[in-house]
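Since the structure comes first, as C-alpha cells, the remarks are kept for the end.
Sequence lines set the chain letters: A, B, ... in the order given, protein chains first and strands last, and positions in each chain run from 1.
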Amino acid sequence: MKSLSGLYTLRVFEDRDPYRVLIRTILSQRTRDENTDQASANLFAKYKNIEEVANAPIEDLEVLVRVAGFYRVKARRIKEVSNLILDQYGGVVPDNMKELLELPGVGRKTANCVLVYAFQEPAIPVDTHVHRISNLWGIVNTKTPEETEEELVKIVPKDFWIDLNDLMVQFGQTVCKPTYPQCEQCPIVELCDYDSS
DNA sequence: AAAACGGGGGC
DNA sequence: GCCCCAGTTTT
C-alpha cells in the first residue's frame with residue numbers, strides 16, 4: 001500500500017495472481033467493495049484453483065457469490081471463463097487486451113483491470129466513476145466510457161494510468177458521489193461547476 | 001439504443 | 001419501502 005497526496009490509500013490488490021484478479025474483477029462489476037470481497041472470499045475458501053472452479057456445480061457457485069449481486073450471471077460466467085481458459089490457454093490467463101475481450105463476462109473495464117492489477121501494465125479502466133468525474137471536471141467531454149478512455153490515454157501521463165481508476169473510484173464513492181455529493185469535503189470544490197450543472 | 005441481471009445499503 | 005450502484009451481454 002502506498003498513499004498519494006495523503007488523500008487516499010491505493011487499494012492495490014494483495015493477491016495479483018491473474019486468475020484471482022480476473023474472477024475478483026468480474027465479481028466487482030456493478031458491485032461495492034465489501035460485497036465483492038465477501039463473494040471472493042467465499043469462492044476461494046471452497047475452491048482453491050481454476051480447475052476446481054471450472055468443475056464446480058453452478059448451483060454451488062451461485063450460493064457462494066450471491067452477496068455480489070447479479071449472482072446467476074456471474075456464477076455462470078465465472079464457470080465459463082474458467083473452462084475456456086483451461087481449454088484454450090492451458091489455464092493461463094491471457095495478458096493482452098484482444099484475448100481478454102474474447103472471454104465471457106470480460107468487457108473493456110474488466111480487461112483493463114486485469115492488465116493493471118495482474119500484469120502491472122499501464123491501462124485506464126474506465127467505470128462510471130471515472131467517466132462521470134472526468135467529464136464533471138472538464139478533463140474530457142465524452143458520451144461513452146470508451147470515448148473517455150481514448151481521451152484520458154491521450155491526456156494523462158502514463159505514470160498515472162495504473163492508479164487513476166483506483167483513486168477516482170474512491171473519490172467517487174466517498175466524496176464526488178453520483179447522488180448526494182459531499183462537496184464540502186471536496187478539495188477542488190471552487191474549481192468545479194457541479195452545482196450549476 | 002434499451003433491457004436484463006440482483007443483493008445490499010442509504011435514505 | 002423505495003432508489004441507487006466498481007458492467008456486460010442480449011434483444
Margin query: Would A:R16 pass as a cation-pi partner of A:Y117, given that its NZ or CZ must be under 6.0 Å from the six-membered ring centre and within 45 degrees of the axis?
Written below: no

Checklist line | Strand DNA chain B as a dot-bracket string - pairs counted if Watson-Crick or G-U with both distances under 3.5 Å, | where the partner lies in another strand | finding: |||||.|||||

Next item on the list: If a pair satisfies salt bridge (Lys or Arg N to Asp or Glu O under 4.0 Å) and one of its residues is in residues 116-132 of chain A, list it, with sequence neighbours excluded.
Entry: none

Between the protein and nucleotides 1-3 of chain B, which nitrogen or oxygen pairs are less than 3.5 angstrom apart?
none

Solution key, residues 62-74 of chain A side-chain donor-acceptor pairs under 3.5 Å, sequence neighbours excluded:
unit_1, atom_1, unit_2, atom_2, d
A:K74, NZ, A:L27, O, 2.9
A:K74, NZ, A:Q29, O, 3.0
A:K74, NZ, A:T31, OG1, 2.7
A:K74, NZ, A:A68, O, 3.1
A:K74, NZ, A:G69, O, 3.4

Checklist line | Residue pairs fulfilling salt bridge (Lys or Arg N to Asp or Glu O under 4.0 Å) with at least one residue in residues 170-179 of chain A, sequence neighbours excluded | finding: none

Item checked: Residue pairs, two or more places apart or on separate chains, that pass salt bridge (Lys or Arg N to Asp or Glu O under 4.0 Å) and touch residues 102-117 of chain A -> A:K98-A:E102, A:R108-A:E149

Margin query: Run the salt bridge (charged side-chain N to carboxylate O under 4.0 Å, His left out) test against A:E80 and tell me which residues pass, sequence neighbours left out.
Written below: A:R76

Next item on the list: Rounded to whole angstrom, note down the P distance from B:dA3 over to C:dC4.
Entry: 15 Å

Do any N or O atoms of the protein come closer than 3.5 Å to N or O atoms of nucleotides 8-10 of chain B, and which pairs are they?
none

Note to self: For the backbone of A:C192 and the side chain of A:W137, can you confirm whether one donor and one acceptor N or O come within less than 3.5 Å of each other?
What the structure shows: no

Notebook entry, point to check: side chain to side chain contact (heavy atoms under 4.5 Å, CB included) with A:L84: which residues, sequence neighbours excluded?
Noted result: A:Q88, A:Y89, A:L103, A:P104

Next item on the list: Answer yes or no: does a side-chain N or O of A:Y71 lie under 4.0 Å from OP1 or OP2 of B:dG6?
Entry: no

Next item on the list: Check every strand shown and say whether A:P125 touches a base, only sugar-phosphate, or nothing at a heavy-atom separation below 4.0 Å.
Entry: nothing

Checklist line | Those residues that, when tested against A:K158, pass salt bridge (charged side-chain N to carboxylate O under 4.0 Å, His left out) (two or more places apart) | finding: none

Tabulated below should be each protein N or O lying under 3.5 Å from an N or O of nucleotides 7-10 of chain C; please produce it.
unit_1, atom_1, unit_2, atom_2, d
C:dG7, OP1, A:T128, OG1, 3.3
C:dG7, OP2, A:R30, N, 3.3
C:dG7, O5', A:R30, N, 3.2
C:dT8, OP1, A:G107, N, 3.0
C:dT8, OP1, A:G107, O, 3.4
C:dT8, OP1, A:T110, N, 2.9
C:dT8, OP1, A:T110, OG1, 2.7
C:dT9, OP1, A:G105, N, 2.8
C:dT9, OP1, A:V106, N, 3.4
C:dT9, O4', A:R77, NH2, 3.2

Note to self: A:S82: which residues meet the side chain to side chain donor-acceptor pair (under 3.5 Å) condition with it, sequence neighbours left out?
What the structure shows: A:Y19

Item checked: Pairwise P distance, C:dT8 and B:dG8 [rounded to whole Å] -> 22 Å

Next item on the list: Could you verify whether a donor N or O on one side chain and an acceptor N or O on the other, from A:E147 and A:T144, lie under 3.5 Å apart?
Entry: yes

Item checked: Heavy-atom pair with the smallest gap, counting every atom of A:I139 and A:L152 -> CG2-CD2, 3.7 Å

Margin query: Name the residue from A:N42, A:D60, A:N55 that meets the side-chain contact (heavy atoms from CB on, under 4.5 Å) definition with A:Y47.
Written below: A:D60

